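Model, not experiment: these values are computed from the prediction. Each ligand, and each atom within it, is numbered from 1 in the order the structure gives. For this chain, numbers begin at 1 and follow the sequence in order.
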Amino acid sequence: MADNGTHKLSLVGLTKQYAQGIAPAVDRLDMHVEEGHLVSLLGPSGCGKTTTLRMVAGLMDPTAGQIMVDGADITNTPVHKRGMGMVFQSYALFPHMNVHENVAFGLQMRKKPKQEQDRLVHRALEMVQLEHLAKRQTRALSGGQQQRIALARALVVEPTLLLLDEPLSNLDAKLRETMRAEIRQIQQRTGATTLFVTHDQDEALDMSDRIAVMNGGLIEQFGSPIEVYERPRTRFVANFIGRANLLTVTIVDEQRQSGADSRYRVDVPGFGVHPAIGSPGLTGRRTLLIRPHRLGAEPAAAAAGLRGTIESLSYTGDSLSYRVRVGETSFTAERLTSGTDRMSVGDAAIISWRPEDALVLPEPVEDAAP
Ligand SMILES: Nc1ncnc2c1ncn2[C@@H]1O[C@H](COP(=O)(O)OP(=O)(O)OP(=O)(O)O)[C@@H](O)[C@H]1O
Ligand SMILES: [Mg+2]
């Protein structure tokens, strides 16, 4: 893929093979990141997120491919000349230094004058709202405070790129949410182009300008949160981002529209022919996606649809999700609770969906797949 030099960061055919005879951990990966964007690398454990980040940071040599910043090839530039700030997966602070010393470390390495160091450290600590802890020893900090100090330490050098590897992984659920809002605010205020590694889809959807959904060393889809959620291109992406009902269907016919989407009729095995939408030109066997909260499930007396039985219910206070078995297939439906929900396991239920909530995915289904 050619690079026209307008991107903040470009990865071109980036590959890492740790050893001969095993599959590459990162496999000819291409990605372009725009200035000021926060891009999440999202994917399951072992898909190559950390490996990618370490190559960008210069902590590890790629087996093949290029890394470009502002159009310049930095693939062979040593780590200390890349001007990047990094927070590692285990965000280890230096235990023998206090908070101020930890944050000043990168500035010292760059031989900044002492007064300048103090000013920048103060500003970075202000940004993470911990200036009052400057003299504190790091072992006397909570997990969330350490996390924020690690972030301040990465920000203080005004990095050309901020690289964050699961910076919230050691925090409890509530603090994670607070910190993710804080990181996003700091990132937007400083305009720091950021690569953010996570395996948490909510985090990625909430924080990102773009999401790179990774699987087995490859990017399966790169797009805005809305694109990857609303228009997943593959079964993997549909399943990994949000929850999904996925059915293997055969396309019966297509009716092209003036807009981007075609209307399709698809044969759902066992359930007959149903309307759906999808990008134009799809044929043969494909996957049909219906999000659980867009699947209606009503007591049996209600409207037309597929008749099934409620197999299980799961109540989380805000929402109620239930599995409805229709023939051989279980559908997951979800809705906000009303306070007067009256469905029980064993009840008959009718499920239905609107044609525009049934999306045909572009990825073809191989014959061997279920
Ligand atoms: N130093 C190494 N030597 C050999 N194989 C490695 C090394 N580091 C990572 N791997 C392998 O490379 C693959 C990608 O690892 P990586 O750490 O990049 O995954 P990850 O996406 O960051 O996963 P996690 O979410 O668990 O942190 C994995 O299969 C891993 O076992
Ligand atoms: Mg990792």
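Just one residue in the list T75, D73, N76 forms a side-chain hydrogen bond (donor to acceptor under 3.5 Å, both in side chains) with Q66, and that residue is D73.
Looking at R54, K49, M55, it is K49 that brings a heavy atom closest to atom 25 (O) of ligand 1.
Summarising the local packing, CZ of R294 is surrounded by more than 12 heavy atoms from other residues, nucleotides or ligands at distances under 6.0 Å.
Those atoms of ligand 1 with a heavy atom of A25 less than 4.0 angstrom away are 12 (O), 13 (C), 14 (C). The contact set between ligand 1 and T50, taken as ligand atoms under 4.0 Å from a residue heavy atom, comprises 17 (O), 18 (O), 20 (P), 22 (O), 27 (O). Atoms of ligand 1 lying under 4.0 Å from any heavy atom of T51, numbered from 1 in the order shown and given with element: 14 (C), 15 (O), 16 (P), 18 (O).
In the model, R286 has no side-chain atom that pairs as donor or acceptor with a side-chain atom of Y264 under 3.5 Å. Counting only N and O atoms by type, the side chains of T332 and R291 include no donor and acceptor under 3.5 Å apart.
We find that D200 and R176 are joined by a salt bridge, their nearest charged nitrogen and carboxylate oxygen being less than 4.0 Å apart.
Contacts between M214 and ligand 1 below 4.0 angstrom, taking non-hydrogen atoms only, are absent altogether.
Between the Q117 side chain and the K112 main chain, a donor and an acceptor come within less than 3.5 Å of each other.
Coordination check, S45 versus the Mg ion (ligand 2): failed, since every N/O/S atom of the residue sits at 2.8 Å or beyond.
Within the 4.0 Å heavy-atom shell around ligand 1 one finds E166. Put simply, part of G48 is less than 4.0 Å from ligand 1, judged by heavy atoms.
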